[in-house]
Amino acid sequence: MRIITLDLETQNFFQDTGSNEPTSLDISVVCIHDSETDSFSSFIESDIKGLWPILESADAIVTWNGDHFDIPILNKYYSGDLTKIKSIDLMREVQTVLGRRLKLDSVASATLGTSKSGNGAEAVEWWRKGKVDKVIEYCIDDVRITRALYDYAMKNGCLKYKDMGAMKEIRLNTTPWSIPIGSSMTFTLPF
């Protein structure tokens with residue numbers, strides 16, 4: 001299966017748009033890991049069209065909070081419907097089992113012993129200051145962490161978190177993650 005792990009950063013904050021809808025935000029950078037090439041790539045808003053053929057050939061998109069945030073924002077730019085591609089939203093998977101949302105940083109820290117290199121608010125400020133390389137570096141780091149969590153869950157059937165100082169496991173049924181759902185093509189490639 002071709003798995004694309006994805007994260008994006010935005011140019012603005014919700015308070016800038018007067019809305020709490022993710023689609024009110026504008027993309028600064030989208031970063032991915034492609035399991036087919038085992039490589040990372042980045043796309044700034046102006047060259048995002050280069051991302052579509054990659055996503056269209058994916059068997060699944062792996063994210064942290066992608067179903068609520070990343071995919072709706074990307075769909076604003078896309079002429080097809082990215083929700084037709086299988087989504088493995090790790091935050092949603094955790095929330096389904098645990099009954100509450102956890103932050104990527106807390107699960108990464110407990111599961112992998114690593115922390116994020118920044119936060120989304122910093123990424124917006126870096127973008128505004130023209131520090132595009134710093135935004136890309138931060139975004140790729142989040143993709144790297146998300147991919148490592150996916151790999152850990154596939155191997156161990158769980159992720160971890162700390163609750164009042166105690167390490168706890170979140171048991172996940174990863175079996176459906178490996179089952180393709182059919183063609184993800186959304187007919188935007190030129191034929």
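In this text, all values refer to a predicted model and were calculated from it rather than measured experimentally.
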Should [X] and [Y] be regarded as members of a common hydrophobic cluster, given that ILVMFWY residues are connected when their side-chain heavy atoms come within less than 4.5 Å of each other, either directly or indirectly?
X	Y	value
Trp52	Ile4	yes
Leu90	Leu104	yes
Ile44	Val124	no
Ile145	Tyr161	yes
Val143	Ile73	no

Legend entry - Contacts of Phe43 that satisfy ring pair (Phe, Tyr, Trp, His ring centres under 6.0 Å) - sequence neighbours left out: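 None.
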Legend entry - Min side-chain heavy-atom separation Ser178-Met154 under 4.5 Å: yes
Legend entry - Heavy-atom check, side chain of Val135 versus side chain of Asp133, under 4.5 Å: no
Inset, instruction - Identify whether the distance between the nearest side-chain nitrogen and carboxylate oxygen of Asp34 and Arg2 falls below 4.0 Å. - result: yes
Inset, instruction - Taking only Lys NZ, Arg NE, NH1 and NH2, and the carboxylate oxygens of Asp or Glu, determine whether Arg147 and Asp38 approach each other closer than 4.0 Å. - result: no
Inset, instruction - Determine whether the aromatic ring centres of Tyr150 and Trp177 lie less than 6.0 Å apart. - result: yes
Short question: side chain of [X], backbone of [Y] - any donor-acceptor pair under 3.5 Å?
X	Y	result
Gln95	Arg100	no
Lys76	Thr23	yes
Thr111	Ala108	no
Asp141	Ser117	yes
Asp70	Leu8	yes
Lys86	Ile179	yes

Legend entry - side-chain hydrogen bond (donor to acceptor under 3.5 Å, both in side chains) partners of Lys168, counting only residues at least two apart: Asp163
Inset, instruction - State whether the number of non-hydrogen atoms from other residues, nucleotides or ligands found under 6.0 Å of Lys49 atom NZ is greater than 12. - result: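 At most 12 heavy atoms, drawn from other residues, nucleotides or ligands, come within 6.0 Å of this atom.
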Legend entry - Criterion salt bridge (Lys or Arg N to Asp or Glu O under 4.0 Å) against Lys116, the qualifying member of Asp142, Asp105, Asp7: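 Result for salt bridge (Lys or Arg N to Asp or Glu O under 4.0 Å) with Lys116: Asp142.
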Legend entry - Pair Asp81, Thr83: side-chain N/O donor-acceptor within cut-off below 3.5 Å: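 A pair is found: one side chain offers a donor N or O, the other an acceptor, under 3.5 Å apart.
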Legend entry - Between His68 and Asp89, a side-chain donor and acceptor under 3.5 Å: no
Rounded distance [0.5 Å steps], [atom1] in [X] versus [atom2] in [Y]:
X	Y	atom1	atom2	answer
Leu25	Phe13	CG	CZ	10.0 Å
Leu55	Ile32	CG	CD1	6.5 Å
Asp59	Ile88	CG	CD1	9.5 Å

Inset, instruction - Among Val107, Val97, Leu102, find the one that has a side chain to side chain contact (heavy atoms under 4.5 Å, CB included) with Leu159. - result: Val107
